[in-house]
Amino acid sequence: PALIRILFQGKDFLITNQIQPYGLFYPISLPFILLGLYKLFQFSRNDIKSNRFSFSAVILCSIIIGLIYGATLYPCINRLNFLWFNLLIALSVGVAFFLSYPKILKLIIAVYICFTVSFMHTYATKYNTLAADSFTPDLEKALTIAEQQHHQTGLTIYITDAAFIYPKVLFYTQPPTADFIKTVNWQKFPDAYLDASGFTHYRFIPNFDYHQLSTDRIYIAPFSERYWFYKFNIVSSGAYIIATPRATP
């Protein structure tokens with residue numbers, strides 16, 4: 001289903017890879033891609049019959065390999081870049097078919113220009129709002145507050161419900177490379193797509209059991225889970241809270 005969604009809707013689960021309804025190639029491109037694939041098949045067949053090397057066949061083989069690869073894992077647009085390059089060639093071949101029909105070609109160009117202008121307007125005016133959740137701007141402030149508490153107390157910072165969040169923590173905190181390499185703990189090593197369970201003074205706990213809270217840790221947790229931290233001092237940061245142990249009298 002993920003591959004089908006990418007192929008026919010031009011989108012994946014990352015807002016950073018696409019803006020709807022434009023997708024990868026604009027919605028109007030699918031007929032031209034299909035036409036281009038058909039023309040590439042014709043070119044390949046003619047080349048093979050004439051015992052000529054066929055670049056068209058190479059492109060078609062690359063597309064087939066990309067489809068097989070995409071069907072074997074949960075794909076995102078970034079993992080299938082070589083497929084998009086070849087489909088872009090197919091799109092170009094499909095549009096080039098209308099070089100013999102100048103009026104239709106002008107109409108196609110005009111429609112693409114309209115889509116491009118609309119896309120640029122959306123990108124310049126709405127994209128930051130659409131992409132904000134993916135970049136979790138509230139997390140940067142939460143990390144700054146947690147870092148201050150860490151320097152004061154020396155306690156380790158635990159981030160709960162932290163699936164796929166460690167690259168963002170790495171981006172915002174920017175620890176020295178040597179420290180990161182020395183302290184990082186990888187999950188499922190040596191899988192192709194690694195996730196970290198922790199580095200330096202950070203620990204990442206997806207599906208965290210809030211019954212296991214410890215008062216010798218600093219927590220960054222979703223704001224919706226704030227009620228678990230009634231024994232902590234809590235500071236809010238948008239979608240997150242920073243929970244620190246209360247001072248012992």
Side-chain angles (χ1 to χ4, degrees), residues 1-131 133-135 164 167 191-194:
L3 179 61
I4 297 299
R5 182 172 63 251
I6 291 175
L7 290 175
F8 288 95
Q9 298 180 9
K11 67 177 182 178
D12 60 9
F13 53 89
L14 298 172
I15 185 63
T16 51
N17 283 340
Q18 44 74 35
I19 301 177
Q20 292 302 310
Y22 307 102
L24 281 170
F25 301 117
Y26 303 149
I28 61 170
S29 296
L30 182 58
F32 300 114
I33 292 175
L34 296 176
L35 175 60
L37 291 173
Y38 174 72
K39 297 301 294 184
L40 288 172
F41 174 77
Q42 284 187 325
F43 298 154
S44 301
R45 183 180 58 186
N46 294 337
D47 289 339
I48 292 171
K49 286 183 178 180
S50 302
N51 292 320
R52 296 193 301 263
F53 177 78
S54 178
F55 286 103
S56 299
V58 172
I59 294 170
L60 288 176
C61 288
S62 298
I63 292 173
I64 293 171
I65 293 171
L67 293 175
I68 295 173
Y69 174 74
T72 60
L73 78 167
Y74 190 81
C76 70
I77 288 172
N78 296 337
R79 297 175 185 171
L80 297 173
N81 278 337
F82 67 97
L83 178 60
W84 313 133
F85 296 145
N86 290 295
L87 288 180
L88 185 60
I89 294 174
L91 169 60
S92 302
V93 172
V95 173
F97 173 79
F98 293 95
L99 288 173
S100 301
Y101 306 92
K103 292 184 179 179
I104 297 178
L105 182 62
K106 290 179 182 179
L107 177 61
I108 293 171
I109 294 173
V111 172
Y112 269 103
I113 289 174
C114 290
F115 265 98
T116 301
V117 171
S118 179
F119 169 81
M120 292 175 64
H121 176 266
T122 300
Y123 185 82
T125 59
K126 300 179 181 179
Y127 179 73
N128 283 344
T129 301
L130 294 172
D133 289 340
S134 293
F135 288 102
F164 307 113
D191 280 6
Y193 303 105
L194 296 175

Checking [X] now: which residues fulfil side chain to side chain donor-acceptor pair (under 3.5 Å) with it, not counting sequence neighbours?
X	result
N46	none
K126	none
S56	none
S44	none

Using only atom types and a distance under 3.5 Å, with no angle test, would you say the side chain of S118 pairs donor to acceptor with the backbone of C114?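 No: the side chain of S118 does not pair with the backbone of C114.
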Atom CG in L60, atom CD1 in I64: separation rounded to 0.5 Å?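 Going from CG on L60 over to CD1 on I64, the span is 6.5 Å.
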Any salt bridge (charged side-chain N to carboxylate O under 4.0 Å, His left out) involving residues 26-51? Give me the pairs, sequence neighbours left out, ordered by first then second residue.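 As it turns out, the salt bridge (charged side-chain N to carboxylate O under 4.0 Å, His left out) pairs with a partner in residues 26-51, which skip direct neighbours, are D47-R52.
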Do any pairs count as a salt bridge (charged side-chain N to carboxylate O under 4.0 Å, His left out) and have a residue in residues 83-98, sequence neighbours left out, and if so which ones?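 For residues 83-98, and leaving out neighbouring residues, there are no salt bridge (charged side-chain N to carboxylate O under 4.0 Å, His left out) pairs at all.
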Name the atoms and distances for all side-chain donor-acceptor pairs under 3.5 Å in residues 84-108, with sequence neighbours left out.
unit_1 : atom_1 : unit_2 : atom_2 : d
W84    : NE1    : I77    : O      : 3.0
W84    : NE1    : L80    : O      : 3.3
N86    : ND2    : F82    : O      : 2.7
S92    : OG     : L88    : O      : 3.0

Output all residues satisfying side-chain contact (heavy atoms from CB on, under 4.5 Å) with L67, sequence neighbours left out; order by chain, then residue number.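 Checked L67 against side-chain contact (heavy atoms from CB on, under 4.5 Å); matches are L7, I63, L83.
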With [X] via ring-ring contact (aromatic ring centres under 6.0 Å, His included) - residues at least two apart:
X	result
F119	Y22
Y123	Y127
F115	Y26

